[in-house]
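Structure record follows, encoded as structure tokens.
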There are 2 protein chains.
Amino acid sequence: MKSTLRTLSVLAEPNRLHIVELLRDGPRPVGEIVNILRLRQPQVSKHLHVLSKAGLVEMHPVAQQRIYKLRPEPLKELNIWLESYRSTWNKRLDRLDDYLIKLQEDEMKQRGKKYERK
Amino acid sequence: MKSTLRTLSVLAEPNRLHIVELLRDGPRPVGEIVNILRLRQPQVSKHLHVLSKAGLVEMHPVAQQRIYKLRPEPLKELNIWLESYRSTWNKRLDRLDDYLIKLQEDEMKQRGKKYERK
DNA sequence: TCTTAATATTCCTCTACAGGAATATTCCTG
DNA sequence: CAGGAATATTCCTGTAGAGGAATATTAAGA
């Protein structure tokens, strides 16, 4: 899914991930994020902008402050994406043997054909 | 966690994500990946290299072929990371109100003090 | 209305990194 | 051991995007 990719790439930036992790514990105004993460205000605003465009974050103005809070939807999507792997984790995924055996067989057939051809 | 970040950034590349999704259904030799995803062989090898370094993928040589299979561990880690959000999803996270109310209250106190001062 | 606090935006620069093309490596087969 | 198949590596180039610094915007209070 397209939006999963977007979520991934947005989270793949260290400071952005930090912001998300900070917001995990509740909403915060920009200033607090700046202080806690020891980043420069413009960069934080930019990161929040990116997070916002990706729907990972939501803004509520209170006077001059902008309170940012996490939006769970994209993370839920990521979760769903991961689900599809969970089912495979303890199944065929670990059976490399199957593939190798299949390969062996195919090879046998191949050789058979080659010999047939001659 | 550091490795979560790494997993995220490695997956945040479209073609790499495609490769992972392809390998979800079972191991494949490089050539098959090339054909199925319509990518150039060198790029696929490079992506596999990156995936490999991040532990997302594992290689088994069979003659000149290199069979790549998914390693679930990094995805499991990602899953664990997500878990910590799941618990919050339907709880305080959606209670922006709390924060706003708290803010209101603080503001009231502030004003009170200010008026007191006069 | 002027000032100040909080935040956003713009412009610039620098670097990481993905793709292209060519070449190297590895391993089987005759 | 020469040749070819499968894959890896190297070198080059172009570009997205992150940070720095300065400036713009918005809202409140005196």
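Predicted model only: the values in this text are computed from it and were never measured. Here is how names work: the chains are called A, B, and so on, in the same order as the sequence lines, proteins then strands, and each is numbered from 1. Computed from heavy atoms alone, side chains included, the values below leave out hydrogens, waters and symmetry copies.
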With R66(A) via side-chain hydrogen bond (donor to acceptor under 3.5 Å, both in side chains) - residues at least two apart: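 Per chain and number, R66(A) pairs via side-chain hydrogen bond (donor to acceptor under 3.5 Å, both in side chains) with no residue.
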Mind listing the residues from residues 35-46 of chain B sitting with a heavy atom below 4.0 Å of DNA chain D? Number order is fine.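 Q41(B), P42(B), S45(B), K46(B), in order of number.
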Send over the distance from K53(B) NZ to dT9(D) P, rounded to a whole Å.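 These atoms are roughly 11 Å apart.
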In this structure, how many angstroms lie between the C1' atom of dT25(D) and the CD atom of Q65(A), rounded?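 One finds 16 Å between C1' of dT25(D) and CD of Q65(A), rounded.
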With [X] via side chain to side chain contact (heavy atoms under 4.5 Å, CB included) - residues at least two apart:
| X | result |
| --- | --- |
| L37(B) | H18(B), I19(B), L22(B), I33(B), L39(B) |
| I80(B) | none |
| S45(A) | V30(A), Q41(A) |

Which atoms of nucleotides 12-17 of chain D (N or O only) lie under 3.5 Å from a protein N or O atom, and what are those distances?
none

Options dA8(C), dT26(D), dG19(C), nucleotide nearest the side-chain atoms of Q64(A):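 The answer is dT26(D), which lies nearest to the side chain.
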Through what angle, rounded to 10 degrees, does the axis of the helix from dT1(C)-dA30(D) to dG30(C)-dC1(D) turn between its ends, using five pairs per end?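 The end-segment axes of the helix from dT1(C)-dA30(D) to dG30(C)-dC1(D) are tilted 10° relative to each other.
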Measure the spacing between CG of L56(B) and NE2 of H47(B) and express it to the nearest 0.5 Å.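 Between L56(B) CG and H47(B) NE2, I get 13.5 Å after rounding to 0.5 Å.
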Presence of H47(A) side-chain N/O under 4.0 Å of dG19(D) phosphate oxygens OP1/OP2: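 Yes, because at least one side-chain N or O of H47(A) sits under 4.0 Å from OP1 or OP2 of dG19(D).
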Output yes when at least one side-chain N/O atom of Y68(B) is less than 4.0 Å from OP1 or OP2 of dA8(D), else no.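 Checking Y68(B) against dA8(D): at least one side-chain N or O falls below 4.0 Å of OP1 or OP2.
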For L48(B) and for V50(A), find the nucleotide of DNA chain D with the closest heavy atom, then tell me which residue's nucleotide is more 5'.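 Its nearest nucleotide being more 5', the pick is L48(B).
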